[in-house]
There are 2 protein chains.
Amino acid sequence: MSDMPSCQFESRPRRIVIGSSGVQTDFCSTCSVRPNSICSVIEPGDISRLSEVAVEAIVPPGRGFIEEGAPATDFFNVTSGTVKLFKALPDGRRQITGFAAPGHFLGLAVSDSYAFGAEAVDTVRVCRFSREKMTELLDDFPKLERRLLEEASNELVAAQNQMLLLGRKTARERVASFLLDQMQTGLLPGQDGNGGRLHLPMTRGDIADYLGLTIETVSRTLSWMRAQGMIEVGKGYAITIVSIAKLEVLAAGNG
Amino acid sequence: MSDMPSCQFESRPRRIVIGSSGVQTDFCSTCSVRPNSICSVIEPGDISRLSEVAVEAIVPPGRGFIEEGAPATDFFNVTSGTVKLFKALPDGRRQITGFAAPGHFLGLAVSDSYAFGAEAVDTVRVCRFSREKMTELLDDFPKLERRLLEEASNELVAAQNQMLLLGRKTARERVASFLLDQMQTGLLPGQDGNGGRLHLPMTRGDIADYLGLTIETVSRTLSWMRAQGMIEVGKGYAITIVSIAKLEVLAAGNG
DNA sequence: CGCACCATTGAGAATTATCAATCCTTGTGG
DNA sequence: CCACAAGGATTGATAATTCTCAATGGTGCG
């Protein structure tokens, strides 16, 4: 496929917010994704502990920041943008195992090396924690551990759903399932009820690698869905869901 | 496929070992899989706590004991035999998401209903914990929570590997990967080095549902591997690995 | 002994992949 | 501002892997 991107950050700015008194402020306390992330279990009085160990980083589109097989030195929390997680075979075949949206925690692994790679789909901001700092936090905040277990359990459920999709669903069923899933995260503002405009930040190639298909099959399937009046394919990364009901019939298992 | 088995236990014997003094003994302390299970983090002095909340059950081959979508009332620990975990589509298509060997913990899910079904492959023994009793244990033994997180992380890694297999590997690669995986758990005693006799407790149908293939393709692929001198297919559930090297070349990605 | 279930093998069909050409969009530089 | 280059997307024609349908053979249990 494409050339393997390097595993370096574009920049690694320690984003320190200076308050009126000139003292470092807890940027975690103003973090917009904290309510949806594991950080929400840290009490307001302890948030400074978070800010001390977290480092903000900005990852430009297409840049990888976790390399499969590399030493697992850091954990990440996505604060904005979309990240693709993937595994690859020696000959280049790639399977995207998931897309991480803001609030998602990355790096769950007992091994000392990453079991997957991670790459920014669009411009991504992440909070980075070193492995040892994270361990300290876990020791000091038992709630954090329970929250991580929740997070892991949720990912496990998602992984099981994806295995069902990859192992047993047809191309049409896969794409339908994908579009419905994306309505959880990709819905444009003001959209809700029986339809909705979606912003899909990933390319057809990414979708294909996520669904275990080829680019061409994804494209053809979307065209077929458009012909069926299920969706409208806008330019860029926009897709409009015209009939959720029809997609749900497909996704449930009528290829 | 086959008719859906009921979600009942064959029997639910509270296995209470009566010591010489006539007092109930901790059967957990003699449990052969404890070193490999989450129970290993409970200190010897606290093992009685385990025995109090655990109930042993025997599940006959083919019997289901977790029904997908049913209220998640219990957790399980496999103590002997092999369990298949699966998800199904309305029309009967089934994806086996994993095989659980002795020591495996079942039921990780935040939801109040099971996200997957479980069924005994051969005769299975499990330890059952009620959800509330398990919660109490988690509160009293922080180490247990950390161990569960480890368990979940390991399953996540396995799930990611399986997604790569299902989404991007050819039939031959899938079967090769499967056979190599099974050498971790299914090796018959006395086997080790460059080959080994495997006991696969599951049917071809189970293997097919695990690998996202059909029974026929699994069978044909095994026949092809035999013709290539990679394996020997014995009668019953025996398979002999003749050349690990050839299988590894296949599994790594040469279809 | 016969039935039921599982496994193997064959022939043909179907879904999806591969190869290839064209179009569209976007960004860049003259 | 326009032309061009580059990457992504779409569509078409063909190929290949895998599935489906079907028949046969083996194994174990009642």
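Per chain, numbering begins at 1; letters A, B, ... match sequence-line order.
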| message | Main chain of Leu166(B), side chain of Arg174(B): is a donor-acceptor contact present, judged purely on distance under 3.5 Å? | response |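 Such a contact is found between Arg174(B) side chain and Leu166(B) backbone.
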
| Sub-3.5 Å donor-acceptor pair from the side chain of Asp206(B) to the main-chain atoms of Val121(B), do we have one? |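 Side chain of Asp206(B) to backbone of Val121(B): no pair is present.
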
| field | Overall bend - the helix from dC1(C)-dG30(D) to dG30(C)-dC1(D), comparing terminal axes fitted on five pairs, nearest 10 degrees | value |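 For the helix from dC1(C)-dG30(D) to dG30(C)-dC1(D), the axes at either end differ by 30°.
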
Expressed in angstrom and rounded to an integer, what is the separation of [X] atom [atom1] from [N] atom [atom2]?
X	N	atom1	atom2	result
Leu213(B)	dA7(C)	CG	C1'	16 Å
Lys169(B)	dT17(D)	NZ	P	18 Å
Ile239(B)	dC6(C)	CD1	C1'	14 Å
Asp91(A)	dT18(C)	CG	P	10 Å
Trp224(B)	dT17(D)	CH2	P	12 Å
Arg94(A)	dA17(C)	CZ	P	17 Å
Leu166(A)	dT16(C)	CG	P	13 Å
Arg168(B)	dT17(D)	CZ	P	16 Å

| message | Does Asp209(B) form a salt bridge (charged side-chain N to carboxylate O under 4.0 Å, His left out) with Arg168(A)? I'd like the steps, not just the answer. | response | CA-CA 8 Å; Asp209(B) 280 348; Arg168(A) 288 301 180 218; 2.9 Å; yes

| Nearest to side-chain heavy atoms of Ala171(A), which nucleotide of dT20(D), dT16(C), dA17(C) |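 Closest of the options to the side chain of Ala171(A): dT16(C).
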
| field | Test side-chain contact (heavy atoms from CB on, under 4.5 Å) applied to Arg125(A) and Val33(A), Asn77(A), Ile58(A), the passing residue | value |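 Exactly one candidate clears the test, Ile58(A).
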
| said: Is Lys235(A) close enough to dC24(C) that one of its side-chain N or O atoms is under 4.0 Å from OP1 or OP2 there? | reply: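 Answer is no, no contact under 4.0 Å.
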
| request: Run the numbers on Glu68(B) and Lys87(B) for salt bridge (charged side-chain N to carboxylate O under 4.0 Å, His left out), then give the verdict. | output: CA-CA 7 Å; Glu68(B) 184 180 350; Lys87(B) 289 181 71 76; 3.6 Å; yes

| task | Classify the angle between the aromatic ring planes of Phe76(A) and Phe65(A) as parallel (below 30°), tilted (30 to 60°) or perpendicular (above 60°). | result |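 Rings of Phe76(A) and Phe65(A): perpendicular, as their planes differ by over 60°.
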
What's touching nucleotides 4-11 of chain D from the protein side, N or O pairs under 3.5 Å?
unit_1	atom_1	unit_2	atom_2	d
dA9(D)	OP1	Arg204(A)	N	3.2
dA9(D)	OP2	Arg204(A)	N	3.0
dT10(D)	OP1	Arg204(A)	NH2	3.1
dT10(D)	OP2	Arg204(A)	NE	2.8
dT10(D)	OP2	Ser219(A)	OG	2.8
dT10(D)	O5'	Ser219(A)	OG	3.1
dT11(D)	OP1	Arg226(A)	NH2	3.4
dT11(D)	OP2	Ser223(A)	OG	2.3

| request: Applying salt bridge (charged side-chain N to carboxylate O under 4.0 Å, His left out), run through Glu173(B) and Arg93(A) and close with a yes or a no. | output: CA-CA 13 Å; Glu173(B) 291 165 353; Arg93(A) 279 175 286 173; 2.9 Å; yes

| field | Aromatic centroids of Phe99(B) and Tyr210(B) separated by under 6.0 Å | value |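 Centroid distance Tyr210(B)-Phe99(B): below 6.0 Å, so yes.
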
| field | Minimum heavy-atom distance Thr221(A)-Arg172(A), with the two atoms named | value |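 Heavy-atom minimum between the residues: CG2-CA, 3.9 Å.
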
